[in-house]
Amino acid sequence: MANKLLKGTMLLSAASLLSKILGFIYIIPFTNLVGTSGYALYKYAYGPYTIMISLSTMGIPLAISKMVSKYNQLGKEDIVQKIFKYGIIAMIFSGFAAFVILYNLSPTLARMVVDQHSDGNSIESVTYVIRMVSFALLLIPPMSFLRGFFQGFQTMGPSAVSTFIEQLTRVFFILIGVFIAIKVFHSSITKAVGIGTFGAFIGALFSIGILLFGIWRKKDFFFKSINQEQVSNKISIQSIYKEMIMYSIPFVIIGLTLPIYQNIDTFTINKILMNIGYSQVHAETVNSVVGLAQILVLIPVSITTGLSVSIIPTITKSFIQKDFVTLRHQMNQCFLMLTLLIFPASLGIFILAEPLYFVLFGESNSPGLGGHLLSIYAPAAILIAFYGVTSSILQAINQHKKLIYGLLLGILIKIILNIVLPHSLHEEGFIIATYCGYFSSLAFNVYLIYNRIGFNFKSAKFRLISYLLSTFTMTLLVLSVEKVMNDHVNAYVIILICSLLGIIIYVFSIFGLNYFRLKRYLNNMDY
């Protein structure tokens with residue numbers, strides 16, 4: 001079971017990480033082509049788009065994953081087939097409805113984020129790019145459903161491949177399309193960014209093709225022949241939709257967490273900063289820089305995406321079987337993998353924030369401000385990652401309704417502090433508000449898990465401590481080296497040397513701390 005969890009996690013995490021890396025890499029040439037103002041315009045489109053993705057998919061990937069895992073465990077293959085048939089129909093209608101809503105709401109959303117009578121991007125430009133990205137909503141819901149269906153069978157390969165292909169084709173289309181629009185046809189920045197946002201549709205088109213091919217190739221496995229005696233006559237279409245909705249509502253609310261936090265910033269930064277004396281151009285620069293910092297911070301968080309997805313069917317199975325010993329062991333594996341990866345990755349970005357931002361986005365995209373905000377933002381990846389995984393655990397053990405209260409608490413704190421803190425902390429206030437919101441929700445999650453199934457870290461305690469000590473050691477040594485090199489060495493060299501040094505220190509520190517326990521294990525002694 002642990003091996004299957006690890007394999008599924010590694011597949012989805014690798015796909016998610018590669019996608020995040022691609023999504024991060026293309027931002028560099030894209031921002032150089034369209035500038036900070038163009039990236040802000042791009043961000044205005046993707047803000048409401050991500051909200052609509054969550055609403056239109058209704059948490060379907062994780063909900064379907066849980067339902068399929070449940071009925072497979074109960075041996076009710078006919079219900080699994082009904083879930084596929086009626087679920088995909090519902091998602092097609094959901095996607096069309098989401099497209100119509102976002103397309104028609106675009107002028108209203110544009111007026112919320114920019115001022116027609118100020119400098120900077122116009123309402124017409126924002127409306128145009130939102131409408132261009134809305135076409136992708138026609139494909140995203142059925143695509144998400146298919147991924148959830150695969151994951152319910154604990155078959156992570158097609159989901160992982162489709163995730164990577166979606167991002168690869170999207171990035172390729174964006175860069176080629178924007179380059180041709182600006183350099184060949186000399187189109188406006190607005191037209192170029194509109195082409196870029198349409199890349200979401202192209203990526204989804206390729207992704208859904210991969211998933212449909214996977215379903216066709218293994219159709220005999222997913223859709224086994226059902227004898228009349230095996231048919232569960234009592235379950236109806238209405239019952240399937242009801243269960244799907246009951247499962248999906250908590251998932252969609254939790255899935256909205258990151259988009260909501262991002263949109264709170266996107267739709268408040270300009271107005272709040274302009275109210276305390278910033279021009280719209282300066283406010284949009286801050287908005288853009290915060291968005292770029294978020295992209296970098298979410299790269300280590302993407303490591304946990306596969307973990308969050310793959311643990312739901314696994315933990316659901318243990319919970320249904322009331323095997324709490326195995327369940328706690330699975331949780332320990334999750335937390336250990338999370339600690340091993342997220343702490344050094346996020347603190348590495350913290351250490352290298354200034355040279356990293358300068359190298360990636362150049363002198364034209366506010367490197368001083370960007371490096372400063374990125375260094376403050378980077379450790380937030382730890383809170384975001386642990387919040388995501390603890391939320392998945394709570395959903396798998398049917399604590400999703402209580403989970404919503406913690407989310408709402410965090411969002412309320414974020415909104416209040418987003419309004420209050422910038423008056424004294426200026427740009428940093430928006431980031432501190434994010435910390436406070438996520439910390440409140442994470443603390444609530446931990447409390448719920450402790451009350452429902454408890455924790456037992458006895459077998460994992462030493463490894464957990466060794467990972468944390470190794471991270472602390474790596475951080476101190478690399479930070480010292482970076483400070484010495486900062487004023488004398490090229491930024492590219494700083495990143496290369498400090499990254500390699502950090503990896504070496506971290507790996508050897510973990511190996512050193514675990515050497516004697518490993519030696520005992522190899523000698524067949526108690527571990």
Side-chain angles (χ1 to χ4, degrees), residues 19-20 22-35 37-57 91-92 94-110 113-114 121-144 162-211 259 262-263 266 288 291-292 295:
S19 297
K20 288 291 182 185
L22 280 172
F24 159 70
I25 290 174
Y26 92 88
I27 287 295
I28 302 168
F30 177 76
T31 306
N32 287 330
L33 283 169
V34 301
S37 177
Y39 179 72
L41 184 61
Y42 182 80
K43 187 168 176 271
Y44 298 152
Y46 265 83
Y49 166 71
T50 52
I51 293 285
M52 290 304 298
I53 286 177
S54 294
L55 291 174
S56 62
T57 57
M91 287 300 97
I92 290 171
S94 174
F96 181 76
F99 161 71
V100 171
I101 291 170
L102 184 58
Y103 190 92
N104 288 290
L105 275 181
S106 55
T108 303
L109 294 170
V113 74
V114 296
N121 288 301
S122 66
I123 290 175
E124 291 77 17
S125 294
V126 177
T127 300
Y128 170 73
V129 295
I130 292 176
R131 284 180 169 172
M132 289 297 288
V133 79
S134 67
F135 285 94
L137 292 170
L138 294 168
L139 299 178
I140 296 294
M143 179 191 76
S144 300
S162 73
T163 298
F164 176 70
I165 293 298
E166 178 190 8
Q167 186 73 305
L168 182 66
T169 52
R170 185 178 77 91
V171 166
F172 183 80
F173 182 85
I174 288 172
L175 292 182
I176 297 299
V178 171
F179 179 84
I180 292 174
I182 292 177
K183 299 298 183 180
V184 178
F185 294 103
H186 306 290
S187 300
S188 66
I189 295 299
T190 298
K191 293 291 184 184
V193 172
I195 291 171
T197 58
F198 189 72
F201 177 87
I202 302 300
L205 188 64
F206 276 82
S207 175
I208 205 168
I210 294 290
L211 292 166
Q262 291 174 324
N263 277 276
T266 298
S288 178
L292 293 171
I295 291 172

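Not counting sequence neighbours, the partners of Tyr46 by the side-chain hydrogen bond (donor to acceptor under 3.5 Å, both in side chains) test are Arg170. Applying the side-chain contact (heavy atoms from CB on, under 4.5 Å) rule to Thr169 yields the partners Ile165, Phe206; only residues at least two apart in sequence or on another chain are considered. Not counting sequence neighbours, Thr197 has no partner by the side-chain hydrogen bond (donor to acceptor under 3.5 Å, both in side chains) test. Partners of Tyr103 according to the side-chain contact (heavy atoms from CB on, under 4.5 Å) rule, which considers only residues two or more places apart in sequence or in another chain, are Phe99, Arg131, Ser134, Phe135.
Here the side chains of Tyr128 and Val193 are not in contact, with every heavy-atom distance at 4.5 Å or above. Taking 4.5 Å as the limit, some side-chain heavy atom of Glu166 sits within range of a side-chain heavy atom of Ile140. For the pair Leu138 and Phe96, the minimum side-chain heavy-atom distance is below 4.5 Å. Side-chain contact between Ile189 and Leu33 is absent, with no heavy atoms from C-beta onward closer than 4.5 Å.
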> Could you go step by step and tell me if Leu109 and Tyr44 meet the side chain to side chain contact (heavy atoms under 4.5 Å, CB included) rule?
Replying inline: CA-CA 9 Å; Leu109 294 170; Tyr44 298 152; over 6 Å; no
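When all heavy atoms of Met143 and Leu211 are compared, the pair lying nearest together is O-CD1, 3.5 Å. Between Gly95 and Pro141, the shortest heavy-atom distance links the atoms CA-CG, 3.4 Å. Closest heavy-atom contact between Pro48 and Ile130: CG-CD1, 4.2 Å. Closest of all the heavy-atom pairs between Val178 and Ala192 is CG2-O, 3.3 Å. In terms of heavy-atom proximity, Ile208 sits nearest to Leu139 at CD1-O, 4.1 Å. Closest approach of Ser106 to Thr127, counting heavy atoms only: OG-CG2, 3.5 Å.
The ring pair (Phe, Tyr, Trp, His ring centres under 6.0 Å) analysis of residues 167-186, with sequence neighbours excluded, yields no pairs. Under the salt bridge (charged side-chain N to carboxylate O under 4.0 Å, His left out) criterion, no residue pair touches residues 190-207, with sequence neighbours excluded.
Distance CG/Leu102 to CG/Asn104: 9.0 Å, rounded to 0.5 Å. To the nearest 0.5 Å, atoms CD1 (Ile174) and CD1 (Ile195) are separated by 11.0 Å. The CG atom of Leu168 lies 11.5 Å from the OG atom of Ser207; values are rounded to the nearest 0.5 Å. The line from CD1 of Ile123 to OG1 of Thr108 is 10.0 Å long, rounded to the nearest 0.5 Å.
Classification of the Phe30-Tyr42 ring pair by plane angle, with boundaries at 30° and 60°, yields tilted.
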